[in-house]
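Taking it in order: structure first as structure tokens, then the write-up.
Note that ligands are numbered from 1 as they come in the structure, with each ligand's atoms numbered from 1 the same way.
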Amino acid sequence: MRGDDRPIGVYDSGLGGLTVWREIRRQHPDESLVFLGDGKNCPYGARPAGEVCRLADEAVGSLVAEGCKMVVVACNTATAAAIGFLREKYRDIPIVGMEPAVKPACLHTRSGVVGVLATARSLDGELFRRTAARYGENIRVLAAVGEGFVELVEENREDTPEALAAVARVLEPMIAAGADQIVLGCTHYPFLLPVLRQVIGDRGIEVIDPAPAVGRRVGELLDRCGLRAPQGAEAHYGFRTFADGEYLNRLIRKALG
Ligand code: DGL
């Protein structure tokens, strides 16, 4: 069977996008992937939108130059700042962005209170505001920055007392306000799921990671654009960074180790 064996590019400011990469890999085992974790400019979360847009352009441009057939912007912050620009500039290939999973949270809440954790840049972006206004009618949407979360993940300190304290600091007020859904609006945050679960305990709160939905979206676009790899193809996994070799090793260990 014929197919398109060019890789799919997956990009993030750093290591967080690996939470999306691993889901794409799980759902589409025939597809080769090239993961680019900028690393040099991470975190993006508090940078001005124009600067994030320039960084995203450089990153997506390098994946397109490498011959990727599709690019997944596995970064909510870069999506918020640049998705329109990227789709306009790289018209020849599909560009998939991260949607803040506010919709499923608002549909599932029983308490009427939903918590959203993301970076400052994502939360003041048009995409979040529009989504929250559209689905959050009659629902209290509490948004907070996961202060320090990205740094904890980048430094491989997810499993530490500092991580537990940082997560508790942000999560406890949302839980106290009655949130029964917590949306992870930054791709770094799912690496903190074990400590998030520890803080939540048995309070019956659902944590929503949008990565599986992004994986399904990738599948729809592969079909719609006729881009699927040949069935049973041997998938290859490449890793790139704008940072140094040490960071690249850390990235590969986090992905495969
Ligand atoms: N992982 C990114 C996101 O989804 C960005 C984190 C950062 O660089 O601040 O928003």
Requested in this report: Decide, yes or no, whether a salt bridge links R240 with E66 under the criterion of side-chain N to carboxylate O below 4.0 Å.
Outcome: yes
**Report entry** Short N-O contact, E162 and R157, less than 4.0 angstrom
**Finding:** yes
Requested in this report: Report the relative orientation of the aromatic rings in F239 and W21; use parallel for angles under 30°, tilted for 30 to 60°, perpendicular for over 60°.
Outcome: tilted
Distances only, to 0.1 Å: what are the N or O pairs between ligand 1 and the protein that fall under 3.5 Å?
unit_1: ligand 1; atom_1: 1 (N); unit_2: D12; atom_2: OD1; d: 3.0
unit_1: ligand 1; atom_1: 1 (N); unit_2: D12; atom_2: OD2; d: 3.4
unit_1: ligand 1; atom_1: 1 (N); unit_2: T187; atom_2: OG1; d: 2.9
unit_1: ligand 1; atom_1: 1 (N); unit_2: H188; atom_2: ND1; d: 2.8
unit_1: ligand 1; atom_1: 4 (O); unit_2: N76; atom_2: N; d: 2.8
unit_1: ligand 1; atom_1: 4 (O); unit_2: N76; atom_2: OD1; d: 3.1
unit_1: ligand 1; atom_1: 4 (O); unit_2: T187; atom_2: N; d: 2.8
unit_1: ligand 1; atom_1: 4 (O); unit_2: T187; atom_2: OG1; d: 3.2
unit_1: ligand 1; atom_1: 8 (O); unit_2: S13; atom_2: OG; d: 2.6
unit_1: ligand 1; atom_1: 8 (O); unit_2: Y44; atom_2: N; d: 2.7
unit_1: ligand 1; atom_1: 9 (O); unit_2: Y44; atom_2: N; d: 3.2
unit_1: ligand 1; atom_1: 9 (O); unit_2: G45; atom_2: N; d: 2.8
unit_1: ligand 1; atom_1: 10 (O); unit_2: N76; atom_2: N; d: 3.4
unit_1: ligand 1; atom_1: 10 (O); unit_2: T77; atom_2: N; d: 3.1
unit_1: ligand 1; atom_1: 10 (O); unit_2: T77; atom_2: OG1; d: 2.6

Requested in this report: May I ask you to decide whether R121 forms a salt bridge with E51, counting only side-chain N to carboxylate O separations under 4.0 Å?
Outcome: no
Requested in this report: Could you tell me whether the side chain of Y90 and the main chain of D57 form a donor-acceptor pair under 3.5 Å?
Outcome: yes
**Report entry** Heavy-atom check, side chain of D12 versus side chain of F35, under 4.5 Å
**Finding:** yes
